[in-house]
Amino acid sequence: MAHFDDSGPALPASPEMATRLAVNRTGRLTPAQRRTVAVAGCVALALLLCPLALVVQVGALLLSEGITLSWGSVLIGVFVLLFFAIFAGIIFTNVRMFLPEAFSARPVRYARGPLQVRMTSTNRPELPFTYIIGDYSFAPYVAPPDVPMRPGAPYLVYYSARSRLLLSLFALDAPDADRWQPEFDNPSP
């Protein structure tokens, strides 16, 4: 989890973050980021095979000889189809978010502004607060460990346009901030 640091000026980007920033500032994903997005999309696509296999098996069972349809079997069939529709909808949404991003030429967006920390209104130990920069928000466990998070300080964050995954970020008052400014216009959401 990232840490709060109110002890002075921002630090330059770490070598790992600098590598990501150098690519993200052009509107592209690094090879590792592209791989992550592609794997997430392909895994979601593969998960669609599970409910599809279930529907095929139920259909084969219903079409086989010797099976009589009762109200109970019709009711179970409706529940199975409802389960398939819900599960397929969830998985399809993930496929639609990740796969186009993996193959897009410019899948990166950015947001800039002061870092805000919003506490959750209920007792949620798994997500006690959220970081917000401009119109982009992310969970504290997503923040990079090598970037001190200073509430109120200006930041620029690069994130993936469809899935909204955090890709890289830097403090706008860091000594090397001019090197990481975006070289592209923010595409429309």
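Atom set for the values below is all heavy atoms of this structure, side chains included, hydrogens, waters and symmetry mates excluded.
The main-chain N or O of Y159 is never found under 3.5 Å from a side-chain atom of R164 such that the two would form a donor-acceptor pair. Between the side chain of D176 and the main chain of A13, a donor-acceptor pair closer than 3.5 Å is present. Distance alone, capped at 3.5 Å, places no donor-acceptor pair between the R112 side chain and the Y155 backbone. No donor-acceptor distance shorter than 3.5 angstrom exists from the side chain of Y136 to the backbone of L156, with no hydrogens or angles considered. In this structure, R35 contributes its side chain and T30 its backbone to no donor-acceptor pair below 3.5 Å.
In this structure, L169 CG and R20 CZ are separated by 8.5 Å, a value rounded to the nearest 0.5 Å. Separating the CG atom in L166 from the CD1 atom in I133 is a distance of 8.0 Å, to the nearest 0.5 Å. One finds the CE atom of M17 at 9.0 Å from the CG atom of N24 (value rounded to the nearest 0.5 Å). Here the CG atom belonging to L165 is positioned 6.5 Å from the CD atom belonging to E101, to the nearest 0.5 angstrom. From L21, atom CG reaches atom CD of E16 across 11.5 Å, with rounding to the nearest 0.5 Å. Between the CG atom in L11 and the CG atom in D173 there is a gap of 10.0 Å [rounded to 0.5 Å].
Each of V142, T130, V157 was compared with S137 under the side-chain contact (heavy atoms from CB on, under 4.5 Å) criterion, and only T130 meets it.
Applying the salt bridge (Lys or Arg N to Asp or Glu O under 4.0 Å) rule to R25 yields the partners E183; only residues at least two apart in sequence or on another chain are considered. Annotation: ring-ring contact (aromatic ring centres under 6.0 Å, His included) contacts of F92 (sequence neighbours excluded): none.
Across every non-hydrogen atom of F129 and P140, the tightest pair is O-CD, 2.9 Å. Shortest non-hydrogen contact noted between A22 and W180 is N-CZ3, 3.9 Å. In this structure, A177 and F170 approach most closely via the heavy-atom pair O-CE1, 3.7 Å. Taking every heavy atom of both residues into account, P151 and V117 meet most closely at CG-CG2, 4.0 Å.
Classified by interplanar angle (parallel below 30°, tilted 30° to 60°, perpendicular above 60°), the ring pair F83/F87 is parallel. In this pair, F184 and Y158 present their aromatic rings tilted. The plane angle is within the 30 to 60° band.
One hydrophobic cluster holds both L167 and Y141 under the rule that ILVMFWY side chains link at heavy-atom gaps under 4.5 Å. Two different hydrophobic clusters hold M119 and I132 under the rule that ILVMFWY side chains link at heavy-atom gaps under 4.5 Å.
Taking the side chain as every heavy atom from C-beta outward, P107 and S160 never approach each other to under 4.5 Å. Counting heavy atoms from C-beta outward, V23 and Q33 have side chains that stay 4.5 Å or more apart. The shortest distance between side-chain heavy atoms of L172 and Q181 falls below 4.5 Å.
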